[in-house]
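Some notes on the structure that comes next.
Counting convention: from 1, in listed order, for ligands and their atoms alike.
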Amino acid sequence: MSPASFRLGDFDCHVLYDGSRSIGSMTEGSAMRFVFGDAPEAEVEAALGPYGGISPDTRIHFNYLLAENEGHLTLLDVGCGDQAENDENPDEPAGLLVKSLGEAGFSVDDVDTVVVSHGHWDHFGGAVTAGKATFPNAEYVMSAKEAEYINAKAEGWAREYLRVLGDKLRLLPDVAEVAPGVTVKVAPGHTPGIAVTELSSRGETLLYTSDIILHPIHVEHTDWIPSFETDKVAAAAGRRRLIEDAHRRRLLLFVPHIPGVLGTVKRAGTGYMWADDHRSA
Ligand SMILES: [Zn+2]
């Protein structure tokens, strides 16, 4: 299970649980192909052994990050919101982030900055509720490249969300500090403008990976790219750079879709491996 909250330098961090969904509810195809694309099946199966394999029943978890520093409250991704379509998935409720925010002791009014990593439903679906910004006092930020992609290619609801957010949304260049110690960096591949976010304080740095990593095995096999990436070559190269950087700089990783969320990159032979991190507040 993920920690409810933890500290990173001067940051107070809270993991906000948004729910989980089975892979079978998201694809009619092979669960293995969904997460690992064209990777050699026998090799994937062997690598998956320690993780209990993968099947249509395997749950993808949704966890996002609320970070408080110098009196400033930043939310990294907003969860599924209304896009969870819980009516069609009654046994797998999602879109629970606002409830989790309340359990952490905050309300939607308290959030100052909302960072949207990319335009997929499980990260951006909660940005708007009943036609209004879910976090009324927040500045929403997103990379200009992702907004361009959403306007050109994404589903109708995501384009509508951009319109609803209007002046509340600030579009970012490829690297931007958006709050004290909070830096957003574009890392294209999963989508053309997806961004990761770094929190830095007192010599410690956390990297919120968004969907650059979905499964611990992606740390070992940077070229096993999910079937739904917009640019597989860029995704593999970008993931490789991210893993090397995380190892060299000893970053703490926050991966929204790994159940324990926190980990580090350790050396394994000539490559790398995911290692769970068990810190708590
Ligand atoms: Zn995702």
Side-chain angles (χ1 to χ4, degrees), residues 2 15-27 29 31-37 54 56 58-66 75-86 89 92-97 100 114-128 134 140 142-143 145-147 149-150 153-155 157-158 161 184-197 206-219 222 224-232 234-236 238-239 242-243 253-263 274:
S2 60
V15 180
L16 301 184
Y17 178 67
D18 190 57
S20 71
R21 274 287 153 80
S22 60
I23 295 175
S25 76
M26 295 186 264
T27 178
M32 189 185 288
R33 295 269 164 258
F34 188 69
V35 182
F36 301 109
I54 197 165
T58 302
R59 293 287 185 120
I60 301 285
H61 294 257
F62 307 130
N63 288 293
Y64 302 104
L65 179 57
L66 183 73
L75 176 61
L76 305 185
D77 283 337
V78 295
C80 308
D82 294 342
Q83 302 306 320
E85 297 180 339
N86 286 334
N89 301 278
E92 303 180 352
L96 309 174
L97 182 135
S100 297
V114 172
V115 180
V116 176
S117 70
H118 66 298
H120 285 167
W121 66 284
D122 52 326
H123 298 260
F124 185 40
V128 167
T134 307
Y140 287 67
M142 172 190 280
S143 84
K145 283 182 179 147
E146 189 67 4
Y149 169 66
I150 290 171
K153 293 260 169 60
E155 295 169 75
W157 68 265
Y161 275 23
V184 178
K185 298 180 174 180
V186 171
H190 179 72
T191 62
I194 188 172
V196 299
T197 299
L206 174 149
L207 177 66
Y208 174 87
T209 69
S210 188
D211 285 359
I212 309 301
I213 300 168
L214 299 175
H215 191 285
I217 294 178
H218 285 148
V219 175
T222 49
W224 290 1
I225 297 299
S227 59
F228 44 84
E229 311 288 80
T230 55
D231 183 336
K232 290 186 167 59
R239 188 194 282 162
L242 181 142
I243 300 296
L253 301 186
F254 184 111
V255 183
H257 298 315
I258 290 180
V261 300
L262 296 178
W274 168 266

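- In plain terms, the two heavy atoms of K145 and G193 that are nearest each other are CB-CA, 3.8 Å.
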Are H118 and S210 close enough, and set up right, to give a side-chain hydrogen bond (donor to acceptor under 3.5 Å, both in side chains), and what steps lead you there?
CA-CA 8 Å; H118 66 298; S210 188; 3.3 Å; yes

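- With H123 contributing its side chain and V116 its backbone, the two residues share no donor-acceptor pair below 3.5 Å.
- Within D122, the N, O or S atom lying nearest to the Zn ion (ligand 1) carries the name OD2.
- Taking backbone and side-chain atoms together, H120 has no N/O/S atom less than 2.8 Å away from the Zn ion (ligand 1).
- Closest approach between the Zn ion (ligand 1) and any N/O/S atom of D211 involves OD2.
- Inclusion of H123 in the first shell of the Zn ion (ligand 1) is supported: an N, O or S atom falls under 2.8 Å.
- Classification of the W157-F124 ring pair by plane angle, with boundaries at 30° and 60°, yields tilted.
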